[in-house]
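Let me begin by presenting the structure, written as structure tokens, before commenting on it.
All ligand and atom numbering here is 1-based and tracks the order in the structure. Heavy atoms only: backbone and side chains are in, while hydrogens, waters and symmetry mates are out.
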Amino acid sequence: MSPLIDVRGLTKTYLLGDVVVNALQGVTLAIERGTFVAIMGESGSGKSTLLNLLGCLDRPTSGQYLLDGIAVETMDRDQLAEIRNEKIGFIFQNFNLLPRMNALENVELPLLYKASETPDGDDLGAHALADVGLVGRERNFPAQLSGGQQQRVAIARALINKPAILLADEPTGALDSHNSADIMSIFQALNRTQGITIVMVTHSDEIATYAHRVIGFRDGLIVSDKQMTKRPALAETVALQPVGAVSP
Ligand code: ADP
Ligand code: MG
């Protein structure tokens with residue numbers, strides 16, 4: 001089978017006034033279905049730029065991107081939005097929840113763009129929250145949740161459309177080590193039990209140990225690409241327990 005993500009000679013140039021920034025300088029990368037990849041590298045090395053291109057949030061300056069066999073680099077905005085909705089879930093460092101919507105409303109937000117395909121949105125949202133251990137928190141607003149809980153809401157939102165790929169840009173960057181480990185347990189469970197392909201940017205060597213493969217970035221180029229052998233045991237997984245839920 002062809003790789004889920006197949007990128008060839010990808011470049012991205014930003015123009016800021018008359019300053020030219022070559023954020024990606026020719027990235028070639030194949031990611032097989034079901035893998036868990038970590039991307040590491042110094043700030044400014046192009047990691048987020050790559051993730052945005054992989055996530056169809058933006059288009060490359062040049063190069064090719066086959067996503068699940070579909071050429072994405074020539075698509076227009078609407079087509080990109082459609083494929084993004086269908087195949088990709090995003091997680092960000094700062095959770096990006098809407099502050100005036102409660103947990104359930106945040107999680108169900110992507111369903112609004114899916115027209116009538118999902119007749120029973122309420123159940124879907126509640127199930128998605130239960131899957132990340134947030135039973136009893138459905139009506140909480142983001143400000144009433146801890147950072148770790150907010151990131152769980154963001155994960156539930158990212159998964160509501162059943163994407164093949166989860167893209168995470170420093171998902172534990174704003175969390176303490178305990179919450180970071182919880183979030184990684186959720187990622188690991190999603191990867192192992194649902195086969196979701198994960199591409200995660202991280203600054204932490206410890207967080208990167210959860211991945212199968214670690215790709216190093218420098219100056220818009222891949223400078224290393226390693227398969228990992230030692231990984232934390234699945235026994236550490238606490239993800240699908242209702243951690244932090246209110247007591248009955
Ligand atoms: P990383 O995520 O590895 O820190 P980025 O992909 O965010 O790096 O940025 C790579 C380079 O591209 C940096 O020099 C950054 O300043 C520049 N850059 C990123 N986004 C933009 C943008 N929208 N406009 C102009 N320059 C940008
Ligand atoms: Mg970044």
ask   = Does at least one non-hydrogen atom of Gly44 fall below 4.0 angstrom from an atom of ligand 1?
value = yes
request  = Search all heavy atoms of Pro60 against all heavy atoms of Leu10 and return the closest pair with its distance.
outcome  = CB-CD1, 3.6 Å
Any donor-acceptor N or O pair under 3.5 Å, side chains Thr49, Tyr14 = yes
ask   = When clusters are formed by joining ILVMFWY residues with side-chain heavy atoms under 4.5 Å apart, either directly or through shared neighbours, do Ile207 and Val199 land in the same one?
value = no
inquiry  = As a test of the contact definition, would atom 18 (N) of ligand 1 count as having a protein heavy-atom neighbour under 4.0 Å?
reply    = yes
message = Is there a path of hydrophobic side-chain contacts, each under 4.5 Å between heavy atoms, that joins Met184 and Ile215?
response = no
query = For Ile165, does its backbone N or O pair with a side-chain atom of Thr197 as donor and acceptor, under 3.5 Å?
reply = no
request  = Quick one: closest heavy-atom pair of Thr35 and His212, and the distance?
outcome  = CA-ND1, 3.4 Å
inquiry  = Could you check whether any side-chain heavy atom of Leu175 comes within less than 4.5 Å of a side-chain heavy atom of Phe95, counting everything from C-beta outward?
reply    = yes
message = Counting non-hydrogen protein atoms only, what is the nearest one to atom 27 (C) of ligand 1? Give residue, atom name and distance.
response = Tyr14 CD1, 3.2 Å
remark   = One finds that the ligand 1 atoms under 4.0 Å from a non-hydrogen atom of Ala23 are 10 (C), 11 (C), 12 (O)
message = So if I count the atoms of ligand 1 from 1 in the order they appear, which ones are less than 4.0 Å from some heavy atom of Ser43?
response = 4 (O)
request  = State yes or no: do Met228 and Val223 share one hydrophobic cluster built from I, L, V, M, F, W and Y residues joined by side-chain heavy-atom distances below 4.5 Å, directly or via other members?
outcome  = no
Test item, Lys12 contacting ligand 1 (heavy atom, 4.0 angstrom) = no
request  = State the count of protein N/O/S atoms located less than 2.8 Å away from the Mg ion (ligand 2).
outcome  = 1
task = Number the atoms of ligand 1 from 1 as they appear, then name those within less than 4.0 Å of a heavy atom of Glu42, with their elements.
result = 3 (O)
query = Taking only residues two or more places apart in sequence, or in another chain, which ones meet Asp225 in a salt bridge (charged side-chain N to carboxylate O under 4.0 Å, His left out)?
reply = Arg213
query = Which bit of Leu16 gets closer than 4.0 Å to ligand 1, counting heavy atoms only: side chain, backbone, both or neither?
reply = side chain
inquiry  = Any protein heavy atom at under 4.0 Å, with atom 15 (C) of ligand 1 as the reference point?
reply    = no
remark   = Per-atom filter on ligand 1: closer than 4.0 angstrom to a heavy atom of Ser48 are 1 (P), 2 (O), 6 (O), 7 (O)
remark   = Numbered in order shown, the ligand 1 atoms found under 4.0 Å of a heavy atom of Val21 are 11 (C), 12 (O), 14 (O), 17 (C)
query = Are side-chain N/O atoms of Ser62 and Thr11 paired as donor and acceptor at under 3.5 Å?
reply = yes
query = For atom 6 (O) of ligand 1, what's the nearest protein heavy atom and its distance?
reply = Thr49 OG1, 2.6 Å
inquiry  = Does Arg33 form a salt bridge (Lys or Arg N to Asp or Glu O under 4.0 Å) with Asp68? I'd like the steps, not just the answer.
reply    = CA-CA 9 Å; Arg33 250 163 266 271; Asp68 209 359; 3.0 Å; yes
